[in-house]
Amino acid sequence: MSQLFGDYAHIIIFLHVLGAFVWVGGMIAIRVAVHPSLQEIEDVPTKLGTTLKITGRLFNLVMPFIGIILITALIMAIALDGHHNSLKGIFISKEIIWSIMTLNYIYMYIRRAKAYRAFLDGDFKRAKSLVKYIPNILLPINIALGTIALWLGISLRGY
Ligand code: HEM
């Protein structure tokens, strides 16, 4: 594994950081730019349907990147002996952050999928209530955790 990291460190760190900015950046863009603009639409079905579709696309986009972050993270953790060196607290913190972010993501993914089915059945009230915590609680939690993971990533570089 050390040999693998030694030979491919550039691409491994590149993929890790690429995954982070697609995942965290995607959530920030949806939360800060897309969602508030959609709320200005007055027609409820159009507003709800468009919000659900955009969120669904983001969730599908980030899925492979969540896996890429984990695979590259594990390669680095093993290669750098991250669970036994002086930085082990940071390695473990990042692993915990990744796990919480992924569980939160899975929860949001399932809620959105159920909401979209309710929306297609014409049950707008149920659809709305299924996703009501996503923009104001669940997405901000993952944005904050992703930002902390970025901060800790820089600490792992030794700065
Ligand atoms: C699963 C646990 C994780 C481990 C073990 C881990 C490990 C690492 C390591 C070793 C580095 C330093 C790479 C270098 O040598 O420059 C790093 C950097 C980084 N990590 Fe993670 N990581 C994990 C999860 C995450 C998550 C969840 C995110 C964000 C969503 C993230 C974002 C970053 C970023 C942006 C950097 C680059 C920081 C810089 O430019 O210096 N990491 N990570």
Side-chain angles (χ1 to χ4, degrees), residues 1-39 48 50-116 127-159:
M1 202 56 89
S2 298
Q3 178 70 29
L4 178 73
F5 187 58
D7 291 347
Y8 298 103
H10 193 107
I11 181 98
I12 288 166
I13 298 171
F14 165 76
L15 288 173
H16 190 76
V17 177
L18 179 71
F21 82 63
V22 173
W23 191 7
V24 182
M27 291 188 297
I28 293 174
I30 291 275
R31 182 63 197 89
V32 177
V34 180
H35 187 260
S37 311
L38 289 175
Q39 297 321 297
L48 191 56
T50 313
T51 307
L52 289 172
K53 274 185 210 153
I54 291 177
T55 317
R57 279 179 183 272
L58 173 78
F59 286 171
N60 285 334
L61 167 76
V62 301
M63 194 188 293
F65 290 100
I66 296 175
I68 287 172
I69 290 176
L70 180 66
I71 292 165
T72 51
L74 292 179
I75 293 173
M76 291 191 285
I78 296 169
L80 303 170
D81 204 18
H83 294 127
H84 303 104
N85 66 24
S86 58
L87 298 167
K88 79 172 176 208
I90 302 180
F91 272 93
I92 291 167
S93 304
K94 285 197 81 171
E95 284 156 8
I96 292 170
I97 288 174
W98 181 92
S99 306
I100 298 171
M101 286 178 74
T102 301
L103 287 175
N104 190 11
Y105 162 83
I106 293 169
Y107 181 71
M108 289 190 279
Y109 191 100
I110 293 168
R111 299 289 285 196
R112 192 223 64 98
K114 280 187 182 160
Y116 194 59
K128 213 174 161 193
S129 91
L130 278 163
V131 290
K132 69 176 177 220
Y133 296 121
I134 292 183
N136 294 329
I137 298 178
L138 301 175
L139 269 184
I141 287 175
N142 263 10
I143 292 170
L145 289 173
T147 308
I148 295 170
L150 161 66
W151 179 269
L152 295 177
I154 295 164
S155 304
L156 285 177
R157 271 191 192 199
Y159 295 108

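Counting starts at 1 for both ligands and their atoms, in listed order.
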Could you pull out all donor-acceptor pairs under 3.5 Å where a side-chain atom in residues 106-115 meets a protein atom, sequence neighbours excluded?
residue: Tyr109; atom: OH; partner: Asn60; partner atom: OD1; Å: 2.9
residue: Arg111; atom: NE; partner: Leu130; partner atom: O; Å: 3.0
residue: Arg112; atom: NH1; partner: Leu52; partner atom: O; Å: 2.7

Inset, instruction - Sorted by first residue and then second, give each ring-ring contact (aromatic ring centres under 6.0 Å, His included) pair with at least one member in residues 137-159; sequence neighbours left out. - result: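 Counting only pairs at least two positions apart or across chains, no ring-ring contact (aromatic ring centres under 6.0 Å, His included) contact touches residues 137-159.
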
Legend entry - Listed once per pair and sorted, the ring-ring contact (aromatic ring centres under 6.0 Å, His included) pairs that draw on residues 50-70, sequence neighbours left out: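 For residues 50-70: Phe59-Tyr105.
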
Pairs under 3.5 angstrom, nitrogen or oxygen on both sides, ligand 1 versus protein: list them out, please.
residue: ligand 1; atom: 16 (O); partner: Arg157; partner atom: NE; Å: 2.7
residue: ligand 1; atom: 20 (N); partner: His16; partner atom: NE2; Å: 2.9
residue: ligand 1; atom: 20 (N); partner: Lys94; partner atom: NZ; Å: 2.5
residue: ligand 1; atom: 22 (N); partner: His16; partner atom: NE2; Å: 2.9
residue: ligand 1; atom: 22 (N); partner: Lys94; partner atom: NZ; Å: 3.0
residue: ligand 1; atom: 40 (O); partner: Arg157; partner atom: NH2; Å: 3.3
residue: ligand 1; atom: 41 (O); partner: Arg157; partner atom: NE; Å: 2.6
residue: ligand 1; atom: 42 (N); partner: His16; partner atom: NE2; Å: 2.8
residue: ligand 1; atom: 42 (N); partner: Lys94; partner atom: NZ; Å: 2.7
residue: ligand 1; atom: 43 (N); partner: His16; partner atom: NE2; Å: 3.0
residue: ligand 1; atom: 43 (N); partner: Lys94; partner atom: NZ; Å: 2.8

As an exercise, state the distance from [atom1] of [X] to [atom2] of [Y], rounded to the nearest 0.5 Å.
X	Y	atom1	atom2	value
Ile134	Arg31	CD1	CZ	11.5 Å
Leu139	Tyr133	CG	OH	15.0 Å
Met27	Met101	CE	CE	4.0 Å

